[in-house]
Protein chains: 2
Amino acid sequence: MQKKNRANFQKAKKSRVFQDVVGQIQDAILDGKLSPGDKLPPERELQDTFNVSRGTLREALRVLEQKGLIEIRLGTGGGSMVREAGAEQLTETLALMIRSGRVSVLDIGEFREGMEGRIASLAADRASEDDIRKLEELLNQAVSCSERGKDGWEDFLDVDEAIHKEVARIAGNALYRYSAQVVHDNIRSYYDQYLEFSSSRIHENRIDLEQLVNAIKSRNGEEAARIAEKHVHAFNVRMREKEAMAQGKN
Amino acid sequence: MQKKNRANFQKAKKSRVFQDVVGQIQDAILDGKLSPGDKLPPERELQDTFNVSRGTLREALRVLEQKGLIEIRLGTGGGSMVREAGAEQLTETLALMIRSGRVSVLDIGEFREGMEGRIASLAADRASEDDIRKLEELLNQAVSCSERGKDGWEDFLDVDEAIHKEVARIAGNALYRYSAQVVHDNIRSYYDQYLEFSSSRIHENRIDLEQLVNAIKSRNGEEAARIAEKHVHAFNVRMREKEAMAQGKN
DNA sequence: CCACCATAATGGTCAGACCATTTTATTTAT
DNA sequence: ATAAATAAAATGGTCTGACCATTATGGTGG
């Protein structure tokens with residue numbers, strides 16, 4: 001077995017001036033010398049600063065924009081602004097993977113099952129009194145939405161989303177939080193597609209949420225995980241059924 | 001609560017010719033009209049095809065390159081080639097998140113714990129006879145490495161990695177497979193840092209691998225998950241200790 | 001037959017001009 | 001005086017055309 005390159009060096013792609021520019025600006029951002037909201041100088045100044053042509057500078061800016069590190073706005077007062085990057089880049093990359101068929105929606109559903117379970121478990125371990133109050137408040141909203149029947153369905157879904165998001169926050173792990181958001185953003189369209197209103201469905205979901213919040217409140221991680229997984233699993237089963245039907249039609 | 005934009009429209013950034021070019025080439029790739037390995041025409045031709053200036057075209061190519069969809073090579077016979085994109089983009093984005101402090105290495109370790117457990121569980125459910133033979137073969141290699149003591153440590157780590165990779169493949173979920181790779185690539189440097197050789201460590205790890213493969217062989221998903229989690233957990237504990245020590249020194 | 005070198009193909013960079021969008025200041029009409 | 005219309009300025013977006021740098025290929029001389 002060949003000795004591995006454990007240092008993980010780059011291949012030193014020679015002579016790409018714009019990459020050098022990318023590197024310098026990226027470093028400044030990541031080292032905190034530039035903060036989200038800060039504006040970079042206009043292109044014609046940067047051009048001088050780095051001593052490159054405008055075209056080269058713009059290629060660098062394109063890369064930084066694509067990386068999610070800066071945002072570029074037009075017109076007077078516009079320019080390049082350092083961005084508070086969230087999970088958008090991850091979301092976009094996963095979307096590409098889905099569209100190219102390398103990842104299936106079923107894969108995502110299955111992934112989500114385990115992930116939501118873990119998140120719920122961690123949240124149960126780590127929830128503060130305030131966190132739990134916040135959850136109960138959201139739960140109340142969900143219950144009142146559920147009592148409005150079909151009228152409240154859209155709002156119910158929104159509150160459901162808010163609860164899951166809050167649980168992910170409480171779990172206190174940024175990677176889980178980002179992952180949950182990426183998965184959610186990439187599954188949302190299917191969500192809408194597979195979750196038409198039905199009175200039994202809103203009832204089931206309400207029960208699930210109540211049980212989840214209760215499990216977290218009583219600091220029962222395993223129970224919270226079990227419920228969250230069951231909740232996602234039920235959705236996955238529906239999704240698989242619909243997918244199978246869609247397959248059959250083709 | 002405001003009605004949400006469930007269609008998830010883009011903000012229609014006006015007049016960015018290069019984005020139109022990006023879109024067209026990206027669609028061609030994702031719709032399979034261009035396959036990995038295919039070469040795009042040289043820039044001076046594309047320039048004509050899309051009726052844009054070379055600078056604009058090159059900005060488009062920069063974006064596609066950054067998205068991981070194409071790879072650009074220099075010199076005669078060079079040019080833009082459609083890429084078989086893997087998890088590299090995700091890996092890079094996560095690396096940025098780590099460096100900017102939005103995700104900690106501890107977060108990743110914790111994430112990995114749940115993920116490896118799930119992967120092991122799915123693998124136990126889905127392993128074919130061939131898969132198990134392959135695992136046992138790798139396990140044999142690991143054992144023989146472990147018997148070489150300190151000399152075999154590096155090779156043992158490589159085989160360990162290969163086993164985890166194989167298990168992820170067996171799990172049959174592309175998203176888990178990519179996630180495992182992304183996490184691994186971003187934790188590798190710490191891995192090397194926290195895993196110096198010791199005879200007890202190589203012994204423990206060997207036992208873990210044996211138990212893992214056995215659990216998968218006997219189709220015991222829960223046991224496989226338990227062992228994989230324990231394995232990762234032990235590593236995380238060491239990592240936390242070292243991190244705490246490093247903190248203390250600062 | 002091999003080493004070296006010229007040539008061509010292709011991406012990388014530069015320079016300078018002009019266009020398009022947006023904010024801000026100024027003017028003008030009510 | 002206020003509000004609407006308009007002009008001006010700042011800034012990113014695009015175009016043209018040239019030249020530089022890297023690499024594969026094929027020829028040339030030993």
Side-chain angles (χ1 to χ4, degrees), chain A residues 9-26 28-29 34 36-83 85, chain B residues 9-26 28-29 34 36-83 85:
Chain A
F9 286 125
Q10 300 287 338
K11 209 186 282 179
K13 276 185 187 159
K14 303 148 197 167
S15 80
R16 297 242 267 182
V17 177
F18 77 85
Q19 282 195 331
D20 187 59
V21 176
V22 168
Q24 288 195 51
I25 298 181
Q26 173 172 305
I29 294 174
L34 290 169
D38 287 357
K39 257 180 47 178
L40 297 185
E43 293 184 356
R44 279 132 178 124
E45 258 179 64
L46 287 173
Q47 182 184 345
D48 272 22
T49 307
F50 291 109
N51 213 354
V52 297
S53 78
R54 200 157 156 232
T56 298
L57 174 72
R58 282 175 59 78
E59 291 190 28
L61 293 179
R62 281 289 88 70
V63 171
L64 290 167
E65 186 183 40
Q66 188 58 34
K67 283 190 180 197
L69 291 171
I70 65 172
E71 191 184 347
I72 300 177
R73 274 194 290 225
L74 237 60
T76 307
S80 310
M81 229 179 45
V82 178
R83 235 185 96 181
Chain B
F9 287 124
Q10 299 287 338
K11 210 187 278 176
K13 276 184 189 160
K14 301 150 195 167
S15 81
R16 298 241 267 180
V17 177
F18 76 85
Q19 282 194 331
D20 187 58
V21 177
V22 168
Q24 289 194 49
I25 298 181
Q26 172 171 306
I29 294 174
L34 291 170
D38 286 357
K39 258 180 48 179
L40 297 185
E43 293 184 354
R44 280 135 180 123
E45 259 180 65
L46 287 172
Q47 181 183 346
D48 272 22
T49 307
F50 291 110
N51 213 357
V52 298
S53 77
R54 203 163 152 224
T56 299
L57 174 72
R58 281 175 59 80
E59 290 190 29
L61 293 179
R62 282 287 89 70
V63 172
L64 290 166
E65 185 183 42
Q66 188 58 36
K67 284 190 180 197
L69 291 171
I70 64 172
E71 191 183 346
I72 299 177
R73 274 194 289 224
L74 235 61
T76 306
S80 309
M81 229 179 45
V82 178
R83 232 185 97 180

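Throughout, protein chains are lettered first and strands after them, A, B, ... in sequence-line order, and every chain is numbered starting at 1.
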* Structure fact -> Value for CG (Asp20(A)) from CD1 (Ile25(A)), rounded to nearest 0.5 Å, stands at 10.0 Å
* Asp38(B) side, atom CG; Ile70(B) side, atom CD1 - distance, nearest 0.5 Å -> 12.5 Å
* Glu71(B) CD - dG11(C) C1' separation (whole Å) -> 14 Å
* Only counting residues at least two apart or in another chain, list the ones meeting side-chain contact (heavy atoms from CB on, under 4.5 Å) with Val17(A). => Val52(A), Thr56(A)
* Please round to the nearest 0.5 Å and tell me the distance separating atom CD of Gln66(A) and atom NZ of Lys67(B). => 5.5 Å
* Structure fact -> salt bridge (charged side-chain N to carboxylate O under 4.0 Å, His left out) filter on Arg54(B), not counting sequence neighbours, yields Glu43(B)
Can you pull every protein N or O that's under 3.5 Å from an N or O on nucleotides 3-7 of chain C?
none

* Close approaches to DNA chain D from residues 39-48 of chain B, in residue order (heavy atom, under 4.0 Å) -> Arg44(B)
* To do: Take atom CG of Leu64(B) and atom P of dG11(C), then tell me their distance rounded to the nearest Å.
  => 14 Å
* Asked: What pair of heavy atoms forms the shortest contact from Gly77(A) to Lys39(A), and how long is it?
  -> O-NZ, 3.4 Å
* Asked: Is there a side chain to side chain contact (heavy atoms under 4.5 Å, CB included) between Val22(B) and Leu61(B) once you walk through the steps?
  -> CA-CA 7 Å; Val22(B) 168; Leu61(B) 293 179; over 6 Å; no
* Asked: Would you say dA20(C) has OP1 or OP2 under 4.0 Å from some side-chain N or O of Arg16(B)?
  -> no
* Asked: Any ion pair linking Arg62(A) and Glu65(A) (charged N to carboxylate O, less than 4.0 Å)?
  -> yes
* Asked: Nearest-Å distance, CG (Leu74(A)) to P (dT11(D))?
  -> 12 Å
* Between dA8(C), dT13(C), dT22(C), which nucleotide has the shortest distance from any of its atoms to the side chain of Val17(A)? -> dT13(C)
* Working to the nearest 0.5 Å, report the span between CG of Leu64(A) and OG of Ser80(A). => 8.5 Å
* Shortest non-hydrogen contact from Gly68(A) to Ala85(A)? -> O-CB, 3.5 Å
* **Heavy-atom check, side chain of Phe18(B) versus side chain of Leu57(B), under 4.5 Å** => no
* Kindly calculate the angle separating the two end axes of the helix from dC1(C)-dG30(D) to dT30(C)-dA1(D), each obtained from five base pairs, and round it to 10 degrees. => 10°
* Quick one: closest heavy-atom pair of Met81(A) and Gly37(A), and the distance? => CG-O, 3.4 Å
* **Within residues 50-60 of chain A: residues closer than 4.0 Å to DNA chain C (heavy atoms)** => Asn51(A), Val52(A), Ser53(A), Arg54(A), Thr56(A)
* Structure fact -> Here the distance between atom C1' of dT14(D) and atom CZ of Arg62(A), to the nearest Å, is 11 Å
* Chi angles and distances behind the side chain to side chain contact (heavy atoms under 4.5 Å, CB included) call for Val82(A), Leu69(A) -> CA-CA 6 Å; Val82(A) 178; Leu69(A) 291 171; over 6 Å; no
* Rounded off to whole Å, could you give me the CZ-to-P distance for the Arg73(B) and dT10(C) pair? => 14 Å
* Specify the separation, in whole Å, of atom CD1 of Ile72(A) and atom C1' of dT11(D). => 11 Å
